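Let me begin by presenting the structure, written as structure tokens, before commenting on it.
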There are 2 protein chains.
Amino acid sequence: MPKKNIPKLAIRRLCIYKRMLSRLLEKEQETISSKELGKLTSIPDYQVRKDISFIGEIGVARKGYNIKKLNDHIINSLGLIEVWNTAIVGVGQLGTALLNYPRLKEMGYNILCAFDIDPKKIGKKTGGITIFPSDRITPTVRKNQIKIGIICVPPGAAQTVCDALAKGGIRGILNFAPIALNIPAHIVKREIDFTVELEFISAVLNLMKKKRS
Amino acid sequence: MPKKNIPKLAIRRLCIYKRMLSRLLEKEQETISSKELGKLTSIPDYQVRKDISFIGEIGVARKGYNIKKLNDHIINSLGLIEVWNTAIVGVGQLGTALLNYPRLKEMGYNILCAFDIDPKKIGKKTGGITIFPSDRITPTVRKNQIKIGIICVPPGAAQTVCDALAKGGIRGILNFAPIALNIPAHIVKREIDFTVELEFISAVLNLMKKKRS
DNA sequence: TTTATATTGTGATTTTTTTCACATTTAAAG
DNA sequence: CTTTAAATGTGAAAAAAATCACAATATAAA
Ligand SMILES: NC(=O)c1ccc[n+]([C@@H]2O[C@H](COP(=O)([O-])OP(=O)(O)OC[C@H]3O[C@@H](n4cnc5c(N)ncnc54)[C@H](O)[C@@H]3O)[C@@H](O)[C@H]2O)c1
Ligand SMILES: NC(=O)c1ccc[n+]([C@@H]2O[C@H](COP(=O)([O-])OP(=O)(O)OC[C@H]3O[C@@H](n4cnc5c(N)ncnc54)[C@H](O)[C@@H]3O)[C@@H](O)[C@H]2O)c1
């Protein structure tokens, strides 16, 4: 049980440390210092230490952190042991890639079903998952206790399917459609827009150039 | 020319406003207030105003912002008119989805070529783009003045292809492999890991639950 | 056992970001 | 022309986050 409120940004970084730690588990190395872990994740050592301190004292002076112990501790503190029933809405280019992405299941996101509006896709299987019609989202989510929904439909349809997921009792939504979703506050939302990230890169490059000149 | 340094987070939000504005361009509405724009992007109105203020005074008291003018102004201020030569490395599930994603070109990311290590893929075309062998990354990037690289290879290969891109003179990198890349500071990097986003959702849901109990 | 020192954990400080509140502006109505 | 009020732009305050610096600690070497 974490001492106090963990900052949102610290949570994300803890997930990134864990990602690195789970890779290190396969190596013989037993412990790692905040400096080393920082090097591997492009995060300063004091930030690594401070982030870890939010979930308790786990390091050993002069030695660093035990890799397995720290990995487990992050998993426990953030509750990442849990397996989440997950659904994907929209089985196009991106949805198909996700349905074939084994890492999702490995990380505890168990995809139970997929939805699409296209009659040619409904009833078929992709990545071993059956595709249901999108007007069945609400009852199916409710019946299967689906907790997390991943939206991969065109932007024009995203709010509609989001509402259907919400009505079914979804708890978290990962949205890939390039549009901000309106969503009740009790649902945790995360939006990823590749083109916004690319534009961010462009903007930073441009502003770097301008400053130099 | 922006007055002072624009905060990184403000840049991202400006891109999100622009995304919404370009949708609104197709409607008849001419102006929009910070309040309305905030509603549409899930961002508070004062934040919208402050962000826009970083790129100058463009609003009209009592009316709000002219949609077309604000859209153009964001594009100009952040330098988003530019077309960027782009390459994709790794033409698997995700790389293929991206090569077939028309929005990239629409937004000014002109994919000139793709790279893969798989002999069965090299020489073929995907989404109209020819796939080159990955040992040709450095010279091809240099010759074609490719400025942005998108990495979609397995994590074990990501640092290698990243180094090859850097050697070719790349300026920005968007990385989808679940690993932090080591990269010289002059290259602008952005890393997207879907599973980290999902874990973030899980963690927030868990910590919400814990706090309630 | 003592010493030297690498490394943690954290309180204090600094920086950044968000939030607030309101004076100023200006379109529209009277 | 004057009044009204909606909306901006921003300086100031508050909150959050990052950074620093160092005392405390524990290991490994002497
Ligand atoms: N392709 C990419 O690489 C990529 C990258 C980033 C973001 N995106 C975004 O992800 C979303 C999907 O992109 P895509 O390339 O896979 O598009 P796509 O056109 O290949 O697939 C969209 C799928 O959604 C289905 N769909 C449409 N309306 C629906 C509804 N109401 N209910 C259920 N399903 C519905 C369609 O039948 C189709 O199968 C889009 O919003 C896109 O902007 C795509
Ligand atoms: N599939 C998804 O939905 C998804 C989602 C998020 C992140 N990712 C990440 O994106 C990356 C690609 O995922 P994927 O599912 O497309 O994998 P994939 O196995 O389908 O494709 C990987 C491609 O990279 C190529 N490759 C391997 N080594 C290479 C090298 N040295 N140079 C050039 N090409 C090389 C392979 O030949 C293959 O074509 C992975 O790091 C994965 O973790 C994938």
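All values derive from a computational prediction rather than experimental measurement. By convention in this document, chain letters (A, B, ...) are assigned in the order of the sequence lines, proteins followed by strands, and residues within each chain are numbered from 1.
- Between B:E30 and B:K68 there is no salt bridge, since none of the side-chain N atoms of the basic residue sits less than 4.0 Å from a carboxylate O of the acidic one.
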Checklist entry - Can you check side-chain contact (heavy atoms from CB on, under 4.5 Å) on A:V91 and A:I129, steps first, answer last? => result CA-CA 11 Å; A:V91 189; A:I129 309 297; over 6 Å; no
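- Between A:I151 and A:L181, some side-chain heavy-atom pair lies under the 4.5 Å cut-off.
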Checklist outcome for this item: With sugar-phosphate taken as primed atoms, P, OP1 and OP2 and all else as base, the protein-contact string of nucleotides 15-20 of chain C at under 4.0 Å (heavy atoms; B, S, -) is --SSBS
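- Between B:I55 atom CD1 and D:dT10 atom P the separation is 12 Å, expressed in whole Å.
- A:D193 is linked by a salt bridge (Lys or Arg N to Asp or Glu O under 4.0 Å) to B:R19, B:R103, counting only residues two or more places apart in sequence or in another chain.
- If you check every strand for non-hydrogen atoms under 4.0 Å, A:I43 touches nothing.
- Looking at residues 32-39 of chain A, you'll see that no heavy atom sits under 4.0 Å from any atom of DNA chain D.
- One interatomic measurement links the two molecules: CG of A:N66 to P of C:dT8, which rounds to 13 Å at whole-angstrom precision.
- By the 30° and 60° cut-offs, the orientation of the rings of B:F194 relative to A:Y101 is perpendicular.
- Within the 4.5 Å cutoff, side-chain heavy atoms of A:C152 are placed close to those of A:L98.
- Remark: B:D163 engages no residue in a salt bridge (Lys or Arg N to Asp or Glu O under 4.0 Å) (not counting sequence neighbours).
- Atom P of nucleotide D:dC22 and atom CZ of A:R49 are separated by 14 Å, given to the nearest angstrom.
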Checklist outcome for this item: In B/S/- notation (B base, S sugar-phosphate only, - none; protein heavy atoms under 4.0 Å), nucleotides 25-30 of chain D written 5' to 3' is BBB---
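- By the 4.0 Å N-to-carboxylate-O rule, A:R12 lies close enough to B:E197 to be salt-bridged with it.
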Next on the checklist: The test is side chain to side chain donor-acceptor pair (under 3.5 Å); show your working for B:S202 and A:Y109 and say whether it passes.
Outcome noted: CA-CA 10 Å; B:S202 306; A:Y109 300 92; 2.6 Å; yes
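- In this structure, B:Y65 places its OH atom 17 Å from P of D:dA6, rounding to the nearest Å.
- For B:K167, the side-chain contact (heavy atoms from CB on, under 4.5 Å) partners at least two apart in sequence or on another chain are B:T138.
- Ion pairing of B:E82 with B:K147 is absent here, as no side-chain N (NZ or NE/NH1/NH2) approaches a carboxylate O to less than 4.0 Å.
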